[in-house]
Amino acid sequence: MAQKPSIPKGTRDFNPEQVAKRNYIFNTIRGAFETFGFQPIETPSFENSETLMGKYGDEGDRLIFKILNSGDYLAKIDEQAYANRDSLKLTSNISEKALRYDLTVPFARYVVQHQNEIEFPFKRYQIQPVWRADRPQKGRFREFYQCDADVVGSKSLWQEVEFIQLYDTVFSTLKLEGVTIKINNRKILSGIAEVIGASDKLIDFTVALDKLDKIGEEKVKEEMLSKGISLEGISKLQPLFTLSGSFESQIESLKGILSSSEEGKKGIEELAFINEAISELGLKTANLQLDVTLARGLNYYTGAIFEVAAPKTVQMGSIGGGGRYDDLTGIFGMNNVSGVGISFGLDRIYLVLEELGLFPETVTKNVEVLFINFGDKEALFCLKAIKELRSVGINTELYPDTDKMKKQMNHANKRNIPFVVLVGEEEVGSNMYTLKNMVSGEQLKVSLKELVNQIK
């Protein structure tokens, strides 16, 4: 008995409707990237292991899919490591390549490898799949697409301004109104940690602060105390727990909190610059919000930090994020190349558009006209008309076999094809076509020109 086919856990098949909807999002994002001057690149689906390993921390390294060497992959094995079941040493012997974990490290490798060919500042976008050996669960997959845009070789804050406009453009084009673009700055967080005497506990402090919305002020304070942050330091944070209001009013409050931190004041200046520019330029449908609890990517972000939240009517995690990094290419020996980048969460954006009914009906439109096949003579006559319809952008198909008419009509119904054309001996003799509207049931006998006009 044949084994029932399956796919690996954490991967997905996509039916024609899903692919059409995903392509709608891809094409919208790609169009915006190119409008803003970003150039496309692609990198291999797998890299040398040394390119990826050690770049994502211990947890990230564990989640990288390793590829076994071709041929006898045990040929170079370390016998002692094999005897000791030392998986770390064994892996380096039997696997020299790995599937990419994200698009960022391969991009850094690309920039360093091609630095003599690239014109800086370099604006690139990349839309490709990545792989993670994660535990599959709802909304978390082992294979998924990332949609990234980055600028490297410029420290200008105008790049941050443009990325906010880019987010606004994409979500406005998708008719996803009411999106909130949250922004913070690593220098603000460092400044706060400095003021409360916890510079050496920046990560502990920010991890606790990030939970303010979820667990409340008192629980956050308890967590900070448990991490060794003093009561005196926590008391200095009090204005931060009640920070609210407009972007401008929060900036004013931060000036008071961070008056003794040069690093913090620099972060305030950067945020104020970005906000003033956006206030002057305006956004179409998105909102820009300062969120001092935003602390993603602190291992690599050095300036602005972005996170995009779906409209409040939808329960969904972030649908985009990014930030400024000052030395991404340093991991490959090319120092002092500042950059800033953002990404779009394709799968979550898809779910939000689906929930809100925002996919246009035309997105899933495939074949508009099916020609019924009554025989070779009639089929050849039909194909001449089909050639004409296709030339004016009408998706058209000839049923390939001379099956019973009922079967062919059922085929059109099951595929939601709105029109069928029937051509028998009579139609061939009179050079006419019988057009049937599959929704209304109406039938018309028309010329080729009338056929094109009726369908368009």
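For clarity, every value in this text was computed on a predicted model and none was experimentally measured. FYI, side chains are in, hydrogens and waters are out, and symmetry mates aren't considered; it's all heavy atoms of this structure. The residues of the chain are indexed from 1 along the displayed sequence.
- Looking at F171, F306, Y350 one by one, the single match for ring pair (Phe, Tyr, Trp, His ring centres under 6.0 Å) with F344 turns out to be F171.
- Within a 6.0 Å sphere centred on CZ of F14, heavy atoms belonging to other residues, nucleotides or ligands number more than 12.
- Between T434 and E427, the side chains place a donor N or O and an acceptor N or O closer than 3.5 Å (distance only, hydrogens not considered).
- Using modelled atom types, one side-chain atom of N69 and one backbone atom of N93 make a donor-acceptor pair closer than 3.5 Å.
- Within a 6.0 Å sphere centred on CD of E361, heavy atoms belonging to other residues, nucleotides or ligands number 12 at most.
- Ring geometry for F273 versus W158: interplanar angle over 60°, hence perpendicular rather than tilted (30 to 60°).
- Among the candidates T104, T43, D150, the single residue satisfying the side-chain hydrogen bond (donor to acceptor under 3.5 Å, both in side chains) test with Q126 is T43.
- To the nearest 0.5 Å, atom CG of residue L294 and atom OG of residue S318 are 9.5 Å apart.
- At least one donor-acceptor pair closer than 3.5 Å links the side chain of S49 to the backbone N or O of K97.
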Walk me through it: do F144 and L346 pass the test side-chain contact (heavy atoms from CB on, under 4.5 Å)?
CA-CA 9 Å; F144 57 96; L346 171 78; over 6 Å; no
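- Summarising the geometry, atom CZ belonging to R30 is positioned 4.5 Å from atom CD1 belonging to I127; distances are rounded to the nearest 0.5 Å.
- Inspection of the Q250 and S244 side chains reveals no N or O donor paired with an N or O acceptor under 3.5 Å.
- Between the side chain of T35 and the backbone N or O of G31 there is at least one donor-acceptor pair closer than 3.5 Å.
- The backbone N or O of D403 lies less than 3.5 Å from a partner atom in the side chain of Q408, making a donor-acceptor pair.
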For side-chain contact (heavy atoms from CB on, under 4.5 Å), just list the numbers for E160 and E270, CA-CA rounded to whole Å, side-chain angles, deciding distance to a tenth of an Å, and then say yes or no.
CA-CA 10 Å; E160 278 85 340; E270 292 181 8; 5.9 Å; no
Walk me through it: do E378 and N373 pass the test side-chain hydrogen bond (donor to acceptor under 3.5 Å, both in side chains)?
CA-CA 7 Å; E378 293 85 353; N373 191 337; over 6 Å; no
Worked check of side-chain hydrogen bond (donor to acceptor under 3.5 Å, both in side chains) between Y300 and D327:
CA-CA 8 Å; Y300 41 90; D327 201 20; over 6 Å; no
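- Geometrically, R132 engages Y101 in a cation-pi contact defined by less than 6.0 Å to the ring centre and at most 45° from the axis.
- Electrostatic pairing of E426 and K445 counts as a salt bridge here, judged by a charged N lying under 4.0 Å from a carboxylate O.
- Taking a cutoff of 4.0 Å between a charged side-chain nitrogen and a carboxylate oxygen, E442 and K436 do not qualify as a salt bridge.
- Note: F122 and Y110 have parallel aromatic rings, judged against thresholds of 30 and 60 degrees for the angle between ring planes.
- Using a 4.0 Å cut-off between charged side-chain N and carboxylate O, D168 and K284 make no salt bridge.
- R22 has a carboxylate O that lies under 4.0 Å from a charged side-chain N of D347, or vice versa, which qualifies the two as a salt bridge.
- Residues E17 and K21 are paired through a salt bridge, judged by an N-O separation under 4.0 Å between the basic side chain and the carboxylate.
- Under the 3.5 Å distance criterion, the side-chain polar atoms of Q146 are matched with a main-chain donor or acceptor of L103.
- Remark: Q315 CD is loosely packed, at most 12 non-hydrogen atoms of other residues, nucleotides or ligands lying under 6.0 Å away.
- In this structure, N410 CG and R415 CZ are separated by 13.5 Å, a value rounded to the nearest 0.5 Å.
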What do the steps show when you test F381 against Y433 for ring-ring contact (aromatic ring centres under 6.0 Å, His included), and what is the final call?
CA-CA 10 Å; F381 183 87; Y433 305 84; 5.2 Å; yes
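- Note on ring orientation: taking the six-membered ring where Trp is involved, the planes of H411 and Y399 are perpendicular (angle over 60°, cut-offs 30° and 60°).
- Residue F33 is tested with Y167, F163, Y125 for a ring pair (Phe, Tyr, Trp, His ring centres under 6.0 Å); the sole match is Y125.
- T11 and R142 share no donor-acceptor pair across their side chains, judged by distance under 3.5 Å alone.
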Could you walk me through whether L240 and L243 pass the side-chain contact (heavy atoms from CB on, under 4.5 Å) test, one step at a time?
CA-CA 5 Å; L240 208 61; L243 197 62; 4.2 Å; yes
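- Note: F46 and F65 fail the aromatic proximity criterion, with ring centroids not under 6.0 Å apart.
- Checked by atom type and distance alone, the side chain of E368 pairs as donor or acceptor with a backbone atom of N395 at under 3.5 Å.
- Listed for the E117 side chain is no donor-acceptor partner under 3.5 Å among the backbone atoms of H114.
- The closest side-chain donor-acceptor pair between D326 and S338 falls under 3.5 angstrom.
- Separation of atoms NZ (K66) and CG (L90) is listed at 13.0 Å; rounding is to 0.5 Å.
- Using modelled atom types, one side-chain atom of N15 and one backbone atom of Q18 make a donor-acceptor pair closer than 3.5 Å.
- Looking only at atom types and distance, the side chain of S172 has no donor-acceptor partner in the side chain of T169 under 3.5 Å away.
- Salt bridge K123/E162: present, at least one basic N to carboxylate O contact under 4.0 Å.
- Test I183, L189, N185, I188 against I305 for side chain to side chain contact (heavy atoms under 4.5 Å, CB included) and you get one pass: L189.
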